[in-house]
K.L.:
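Handing you this structure, nothing more for now.
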Amino acid sequence: MAGAPVLRRPRRPARAPATLDGAPRECDFGDNPLTPENDPFTCNNKLVGGRAFLDTYNAVFPGEVYPDTARDSNGHGTHTATTSAGGHVTDTNPLGINRGPIHGIAPAAGVSVYKVCGAEGCFPSDSAAAVARAVLDGVRVINFSISGGSDFYSDPVELAFLDAYAAGVLVSASAGNSGPGAGTTDHRGPWTTTVAASTQTRTFQSTLTLQGPSTGTLTLKGASITPGLSGPLPVVLASAPPYSNPQCTAPAPAGLFTGKIVACAISPGRVLKSYNVSQGGAAGMILYNNSPFEIMTDNHWIPSVHLDDAETQQFLGFLALNPGTTASFTQGTKATWQGDAITEFSSRGPGGDFLKPDVTAPGLHILAGHTPTPESPGEGPPGNLYQVIAGTSMSAPHVAGAAALLFALHPDWTPGQVKSALQTTASQKVTKQDRVTPADPFDTGGGRIDLTKAGDPGLTLDETAANFTASASDPLNRIDLNLPSINAPTMPGVITAKRTVTNVTDKTLSFLATGKTVKGANITVIPPAFSVKPGKSVKLSIVITAPDLADGQYFGQVDLKQVGGSRKLHLPVAFYRQEGAVPVDQTCAPASIPRNTGESTCTVTVENTTLNDTEVTAVSTLDARLRLNSVTGATKVGTQVATTKATLAGREPDRPAIAPGTGPSGYLPLDIFGTPALPMGDEEARNFTVPAFVFAGKTYNRIGVTSNGYAVVGGVTDGAQISFTPQTLPDPALPNGVLAPYWTDLDGTGAPGILVEQLSDGVDDWIVIEWRVNVYGTSNLKVFQQWIGINGTEDITYVYDPANLPGEPPAGYGLTVGAENDEGSAGAQITGPPTEDLRVTSTPGAPGGKLTYSMKVRGVSPGTGTITTGTSTPEVRGLTVEVDKITVQ
């Protein structure tokens, strides 16, 4: 068996959301007023409110630095709040170096801070409570630079955002820092404004000069906001003995690096690296990337410079040729580089049924506030009020501040209209991380926000919270939600999306509406030209067609260009060409026939793979080069058309069940076989390639083991498949394909983790997975096993140590012990905790109904003729199209 790399969806990191309100009011700090005795900051018309929402956090993790106030001990909340709405500052001085004047995006806005996180992370209950309080406090914008939001129809925080939207509050949320892989974006709900991170034109740059005895001098550029080192001083690799720690993840022994510059490889915890080598007396640090990644400007403990992967190659090559290299580097100074490039780390779409992220904004080398009392060395040296950091956490507050300005300009606008204005007017001159290739909508959404245009879009789109709520149970029609973007994750050949635009000016406006996309597809807007009076609306139909296009992901956009004016709006479009749940198969043989004398037989098969009975209408149309000779199983209409209609039965899924039952053995602790425990943290999954096993009618050779007491057949491929909240099975929401011996909020941190082994009795073989993990936030160890037979038949048991049953989880944690098929359409669970071994068995399902007909076709004109079959059914949005070609000789 081979263990794949660990996939993580971290529990929401230690961050604090800020909310913005353009109207200053009396200060409100709840039951914990800030006074000169407990806080150096006084009430003013900028910070108009602050409360701690840490009830759950403090109960689980006592010892937070500021447990009862909104005061920040991490720096992240201060940075995001000041980016959004920081007032004018004449001289900023991170690390004591004057960097000049700055201000936030909305410097006149009032700020109310709601602290929901501590050093160990955040709890959804705390976050949801804070959002509710912010809405009651009358804020207009919430910035949420915290991860999460994949299961937005059930996530309590995302549903709190929906409540905020209904109350007229825009939520700007960070897309996440898990890029550049596809499908990594957070906050996928259509009511949030999800923000990617791109570069700005300003950076802070240092010149590194290396001197070697063999090849002379090498000069490199890196990123830095620290002081320089005049040197030259000896350069040593952290990977070299006796430190032998290439990523500098542990404090160096005192005196080990005195008077030296230490080179550390990039990994999480950049600032902690400079702290660790400083403990060994290092005078400076060179941080180098060993793969493509951004270069960062952090508040390091000692003078430091960060090299990108291209500079790293030269740097390491120079050291290899020049033992005894010395170096110096300059103080980081303001410099110019290429802006509007999506960052490597920025999370990408797709994001399910909606196009995500929505927009991008600067998220690299962002100069803003910091806390002078950091909670750990990882936040940098104390006493600093400013820092220059990076992340989608930094880009989201740019959008929050921009939204505050738009609300100030248009106080009657809704959050949907503000989002529309930002997205439809955004700059599209953004590149991918290579700084050359144009970015696509899954990188940047509508593009980089542009406040020179967003305040006067002329037209806006808007949607109601009620329609968002209704969309939870209507997935086929989510494409019609009135969003400033279009996403069709299943585009079967032809699909139409409806949109409504409203004139928000005091004059009649006229627009031309066009669409553009890849060759082989078309986007058509109906009507193509329209005029709309002040305050009135126009309904648009956006028709996407791609009958001949190969399956895959494609992009395009709708352009709305004002006639007699300068306004230009765009709606990004994404569609994945693939057939839906009622696919069509059409084959024609032979593919080449002589004119008049030859004949080809075309067979059409339509299959219902849904769980519902459905009516299907099929129409096959021949072009002018072909003629129908005869039709079997359908109705011949003239010489060019065959059609039929039928009701097809839905399929029956394989249905897992669970009941008491013994496996091949009772509980056998795997360590008696010498099996090592694999470390498992919180909200983690580890994928294993295993011999083929059978579950619910399908065969798998990969399984994902999560820290929360369940496995996912086929492996974990999406962060949404890792959930500490157990489900009632079956549940179509991710995760699906669940084998859950004891699913609750568990954590491998501080526990042995998991053990995986292949065992045999000499005849049959099993994959055995053993969990030894704690209930989250406790040392309450839970031990249980899962035995999976690899002998060609379904053989799955859950095994427990009778002397150490896992028992009930703590109150409020929830528990699921059961199994579910891979689509979440069938499953079962027991009531309460397990008291004995359990066996999973599946009842076989049955395929759905099929419709088949055939056509005898002859050729009447030389060339390539086409037979196009389209089907419609209530179970698939749009028209499913299959095209075949016959050469007429």
Side-chain angles (χ1 to χ4, degrees), residues 1-8 660-691 693 695 700-713 715-716 722 724 738-791 795-809 815 817 819 833-840:
M1 296 176 290
V6 172
L7 287 164
R8 295 175 180 262
T662 59
S665 170
Y667 173 71
L668 294 175
L670 291 183
D671 52 7
I672 67 175
F673 302 99
T675 304
L678 302 174
M680 179 69 78
D682 184 37
E683 303 310 313
E684 275 191 27
R686 189 182 290 267
N687 285 327
F688 293 89
T689 300
V690 297
F693 67 93
F695 170 61
Y700 303 91
N701 61 10
R702 193 166 73 147
I703 192 164
V705 183
T706 77
S707 57
N708 290 313
Y710 66 89
V712 176
V713 296
V716 172
I722 307 172
F724 57 86
V738 169
L739 295 172
Y742 194 83
W743 180 4
T744 188
D745 192 359
L746 301 175
D747 180 4
T749 305
I754 60 168
L755 299 85
V756 180
E757 188 61 84
Q758 181 172 334
L759 298 180
S760 176
D761 64 1
V763 177
D764 295 318
D765 297 274
W766 294 266
I767 300 300
V768 183
I769 302 166
E770 180 170 356
W771 282 262
R772 298 185 185 181
V773 292
N774 294 326
V775 173
Y776 180 73
T778 75
S779 58
N780 184 358
L781 185 69
K782 302 294 185 182
V783 178
F784 47 92
Q785 292 181 335
Q786 184 170 276
W787 289 60
I788 302 175
I790 51 176
N791 307 296
D795 178 11
I796 299 173
T797 53
Y798 302 159
V799 177
Y800 308 90
D801 180 358
N804 185 30
L805 291 170
E808 292 276 6
L815 175 66
V817 178
T835 58
E836 57 188 318
D837 292 351
L838 301 165
R839 176 169 287 277
V840 174

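None of these values were measured; they are calculated from a predicted model.
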K.L.:
Drop me the distance from D765's CG to S760's OG, to the nearest 0.5 angstrom.
P.N.:
4.0 Å
K.L.:
Search all heavy atoms of T744 against all heavy atoms of P809 and return the closest pair with its distance.
P.N.:
OG1-CB, 3.8 Å
K.L.:
Evaluate side chain to side chain donor-acceptor pair (under 3.5 Å) for T706 paired with N708, printing each intermediate quantity in order.
P.N.:
CA-CA 5 Å; T706 77; N708 290 313; 5.0 Å; no
K.L.:
What's the verdict on side chain to side chain donor-acceptor pair (under 3.5 Å) for S779 and N774, showing C-alpha distance, side-chain angles and the deciding distance?
P.N.:
CA-CA 6 Å; S779 58; N774 294 326; over 6 Å; no
K.L.:
D761 and W766: side chain to side chain contact (heavy atoms under 4.5 Å, CB included), yes or no, with the steps?
P.N.:
CA-CA 9 Å; D761 64 1; W766 294 266; 3.5 Å; yes
K.L.:
Please identify each residue that fulfils ring pair (Phe, Tyr, Trp, His ring centres under 6.0 Å) with F695, with sequence neighbours left out.
P.N.:
none
K.L.:
Rounded to the nearest 0.5 Å, what separates atom CH2 in W771 from atom OH in Y710?
P.N.:
10.5 Å
K.L.:
Give me the atom names and distance for the closest heavy-atom approach of A819 to V840.
P.N.:
CB-CG1, 3.9 Å
K.L.:
Atom CD1 of I788 and atom CD1 of I769: how far apart are they, to the nearest 0.5 Å?
P.N.:
4.5 Å
K.L.:
Can you tell me how the ring of F784 sits relative to the ring of Y742, calling it parallel under 30°, perpendicular over 60° and tilted otherwise?
P.N.:
tilted
K.L.:
Can you list everything that forms a side chain to side chain contact (heavy atoms under 4.5 Å, CB included) with L805? Sequence neighbours excluded, please.
P.N.:
Y800
K.L.:
Under the criterion side chain to side chain contact (heavy atoms under 4.5 Å, CB included), I'd like the reasoning laid out for D837 against W787: C-alpha separation, chi angles, the key distance, then a yes or no.
P.N.:
CA-CA 11 Å; D837 292 351; W787 289 60; over 6 Å; no
K.L.:
Shortest non-hydrogen contact from T797 to P664?
P.N.:
OG1-CD, 4.3 Å
K.L.:
Can you list everything that forms a salt bridge (charged side-chain N to carboxylate O under 4.0 Å, His left out) with D795? Sequence neighbours excluded, please.
P.N.:
R839
K.L.:
Distance-only, no hydrogens or angles: does the Q785 side chain make a donor-acceptor pair with backbone N or O of L668 under 3.5 Å?
P.N.:
yes
K.L.:
Run Y776 and S707 through side chain to side chain contact (heavy atoms under 4.5 Å, CB included) and show every step you take.
P.N.:
CA-CA 10 Å; Y776 180 73; S707 57; over 6 Å; no
K.L.:
Under the ring pair (Phe, Tyr, Trp, His ring centres under 6.0 Å) test, which residues partner Y798, sequence neighbours left out?
P.N.:
none
K.L.:
From the options E770, E757, Q758, select the one residue that forms a side-chain hydrogen bond (donor to acceptor under 3.5 Å, both in side chains) with T675.
P.N.:
E757
K.L.:
Run I703 and F693 through side chain to side chain contact (heavy atoms under 4.5 Å, CB included) and show every step you take.
P.N.:
CA-CA 10 Å; I703 192 164; F693 67 93; 4.3 Å; yes
K.L.:
Grab the two heavy atoms, one from L838 and one from P834, that are nearest each other, plus how far apart they are.
P.N.:
CD1-CB, 4.3 Å
K.L.:
How many angstroms lie between atom CG of D682 and atom CG of D745, to the nearest 0.5 angstrom?
P.N.:
6.5 Å
K.L.:
How long is the straight-line distance from CG of L746 back to CZ of F724, given to the nearest 0.5 Å?
P.N.:
12.0 Å
K.L.:
Looking at side-chain heavy atoms only, is the closest gap between L759 and L670 below 4.5 Å?
P.N.:
yes
K.L.:
Output all residues satisfying side chain to side chain contact (heavy atoms under 4.5 Å, CB included) with T662, sequence neighbours left out; order by chain, then residue number.
P.N.:
none
K.L.:
Please report the closest heavy-atom contact between P833 and L815, naming both atoms and the distance.
P.N.:
CA-CD2, 3.6 Å
K.L.:
Indicate the atoms forming the closest heavy-atom contact of M680 with I754, along with that distance.
P.N.:
CE-CD1, 3.6 Å
K.L.:
Once salt bridge (charged side-chain N to carboxylate O under 4.0 Å, His left out) is applied, what residue pairs with a partner in residues 775-789 remain, sequence neighbours excluded?
P.N.:
none
K.L.:
Got a second to check how far Q786's CD is from I796's CD1, nearest 0.5 Å?
P.N.:
7.0 Å
